[in-house]
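All remarks here apply to the structure that follows.
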Amino acid sequence: MSDDPLPRVFAAEPIRTQVRAAVARAWRDAIESGALPPIPGDTPVPEVDVERPSDPAHGDFASNLAMRLARPYRMAPAVIAEALATQLERAAAEPTTSTPVATAEVAAPGFLNMRLGDAALETTVAAVLDDPAGWGRVEARGARTVNVEFVSANPTGPLHVGNARGAFIGDLLSRVLEAGGQRVTREYYFNDSGGQIRNLGATVAALRRGDPIPEDGYKGTYVDELADSLPDDVWSTATAPGADTDGLIGKWAAGRVRLGIEASLEGLGVHFDVWTSEARLHDEGWVTRAVERLREHGHVYDQDGAVWFRSTAFGDDKDRVILRSNGEPTYFAADIGYVTEKFSRGFDHLIYIWGVDHHGTVARLRNAAGAMGYDREAVQILLYAWVHVIRDGGQVSMSKRRGDFVTLDEFLGEVGPDAARWFFASRAVTTEIDFDIEIFKKQTNENPVYYVQYAHARIASILRKAAEAGLAPAGDVTGALLGAPEAALARAIVRFPEVVEDAVASEETLGLTAYATDLATTFHGFYRDARVVDQDAPARSASRLALASAARITLANTLALLGISAPDSM
RNA sequence: GCGCCUGUAGCUCAGUGGAUAGAGCGUUGGGUUCCGGACCCAAAGGUCGCAGGUUCGAGUCCUGUCGGGCGCGCCA
């Protein structure tokens, strides 16, 4: 490995990308040098990829390329791996070649195990310190303007814990996409015109009159509060002769509930850029025009007085009504109108975050988008599984109509937004999860979020201590990897952009929480083994402070990506 | 009945076709004259629901099967 610092540009891409390129180059070099034959033109060429081995004894990166080449080459994997390893080490010994790989060895049955050189680690750590804000932003691949629509709960009652999951998933995904270089609009769609709103209005009106709640009406203390706070002028207008009482009261109540929903979401740290009213979509003709558009494309027909979308042409079980025989559009009609409205705003990708109960409508919406001439692939729906809230050993219901549910606000009062975010961020969206409020409260000090925040606070404290002692982090980290504790910490730090890349690609955040926990653990080990603040060894202190500082930045950026605070003390 | 999701340690959950299946909590046993003990180290704990198949290699892919969840409206 060369002693010369690697060019600055080298650190701009994740080390994994650099290693991948090094392996691909080694393969080309092996062919050019005659160590490996050229690959026959008619055989599929395997993709060069590298992975982080689970066992650290296998090095920093491993590649299975040799095993994948065994078949096309009709050669033993170990022989191929040996040829690749030879080229990798030759490149490492070449002073003019910049490669992150210092050593490469072959392990049965044909793994290529590689170890990073100190220079690559140092260059990356230096890049962290140079540009803390940019650390963890990854190169935009196919940069897009994305609309992420989530929560979108009807304004017929307060948000409950189930809505919290959708809220966090949408916000977390938005943050991850932004880190991946995409422009994201967070959007909330609220239904302020349907039958459920009239139903809410009927409930509130009945309560106001002192009548019993209608059979399908809403229950819960919040409807009593709505009835109590209904202004007299709204009431008199709504009950004037010929007035649509349920509709007018429902509209008022929905507006009122929406304000509460916004406040609840603010409590989660979730902010929406755009609130779209379903009534507005209808008023502005989006729904009508979407139906016309389908008709122009020949995907619509009239039968039994209704207008149908020929969804069977796209593999659906049956065709679907879009305009009812009474002339009213269905919910599905509003959905397709909304698709056209969203695309008209210039988004090239639409993401919907829905609960699993909507999975039946996923294909239908995408098909309708395709039928209107949009790219079906540009409409993506992410389904999340249910949350079972457990309290006192029993499952808590989440039925709004029964009025018997844990509201989001109650929930947040008990667990706090950071802990709640961590909980949802660390679980795959498709996993049904049990949330035992009692256990969560009881184990609050053992929760991994506090473990990570503690590591951050601990580093901040060390940096303060160092400043008091007149010690500063080294400006030049060359040679900072003095021993095993330093090397282990640097290795953990440089992994961050890969974790972000994986999060962007998988549209999941659990890799980020796992990484944060791992980095915190690595730092605690570093802290145990390497005294950082030591006035008797200022140069060594400076090196270790630089690493500690890079670790703090990385933890802070990981937490920021999750929307979780990174306290300097706790 | 058809379709989608799901089944991994006592509990809650990870695990992009790779090497000895992991983490946190819980349990047991250790650790600090020193930068934050909300910490660290170690141990115990698994027929990856079950049965076949695909291949150099399967928790991962395919088929079947059993259990759990959800969906199959001119509701939203």
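Letters go in sequence order (proteins before strands), and every chain restarts at 1. In this text the structure is predicted, and so the values were computed from the model without any measurement. Just so it is clear, the values below take in all heavy atoms, side chains as well, and ignore hydrogens, waters and symmetry mates.
Note on D304(A): a base of the nucleic acid sits closer than 4.0 angstrom, heavy atoms only. Contacts of V356(A) with the nucleic acid, taken as non-hydrogen atoms under 4.0 Å apart, involve only primed sugar atoms and P, OP1 or OP2. When heavy atoms are screened at a 4.0 angstrom cut-off, T431(A) is found touching the sugar-phosphate backbone but no base atom. Counting non-hydrogen atoms under 4.0 angstrom, A306(A) reaches a base of the nucleic acid. Within the 4.0 angstrom heavy-atom criterion, base atoms lie near A530(A).
With ring centers used as reference points, F523(A) lies under 6.0 Å from F526(A). Remark: aromatic rings of H299(A) and F314(A) are close, center separation under 6.0 Å.
Between Y451(A) and rC40(B) there is a side-chain N or O to OP1 or OP2 distance below 4.0 Å. At least one side-chain nitrogen or oxygen of T430(A) sits closer than 4.0 Å to the OP1 or OP2 atom of rU6(B). Here R71(A) reaches the OP1 or OP2 of rC56(B): one of its side-chain N or O atoms lies under 4.0 Å away.
Checked by distance alone, H359(A) brings a side-chain donor or acceptor within 3.5 Å of a matching partner on the base of rC70(B). For H358(A) and rG71(B), a side-chain-to-base donor-acceptor distance below 3.5 Å is absent, hydrogens and geometry of angles not being considered. Counting atom types as modelled, S325(A) pairs a side-chain N or O with a base atom of rC74(B) as donor and acceptor under 3.5 Å.
Using a 4.0 Å cut-off between charged nitrogen and carboxylate oxygen, D302(A) and R295(A) count as a salt-bridge pair. A salt bridge is defined here as a Lys NZ or Arg NE, NH1 or NH2 lying under 4.0 Å from an Asp or Glu carboxylate O, and R16(A) with D502(A) meets this definition.
Between the P atoms of rG69(B) and rU54(B), the separation comes to 35 Å (whole Å). Using C1' as the reference atom, rG53(B) and rG73(B) are 41 Å apart when rounded to the nearest Å. A gap of 26 Å separates the P atoms of rG68(B) and rG59(B), to the nearest Å. Rounded to the nearest Å, the gap between the C1' atom of rC61(B) and that of rG15(B) is 16 Å. If you take atom P in rU16(B) and the same atom in rC5(B), they sit 16 Å apart, rounded to whole Å. rC62(B) and rG7(B) have their P atoms separated by 14 Å, with the value rounded to a whole Å.
For the pair R427(A) CZ and rU12(B) C1', the computed distance is 6 Å after rounding to whole Å.
Comparing rA76(B), rC35(B), rC56(B) by their closest approach to the side chain of K465(A) singles out rC35(B).
Shown for residues 310-320 of chain A: residues whose heavy atoms fall under 4.0 angstrom of RNA chain B, namely D317(A), K318(A), R320(A).
Paired with D534(A) under the rule salt bridge (Lys or Arg N to Asp or Glu O under 4.0 Å), one option of K465(A), R540(A), R544(A) passes, and it is R540(A).
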Quick one: what's the B/S/- string for nucleotides 16-21 of chain B, heavy-atom cutoff under 4.0 Å, read 5' to 3'? B-BB--
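A cation-pi arrangement is absent between K342(A) and Y189(A), since the terminal nitrogen or guanidinium carbon is not both under 6.0 Å from the aromatic centre and inside a 45° cone about the axis.
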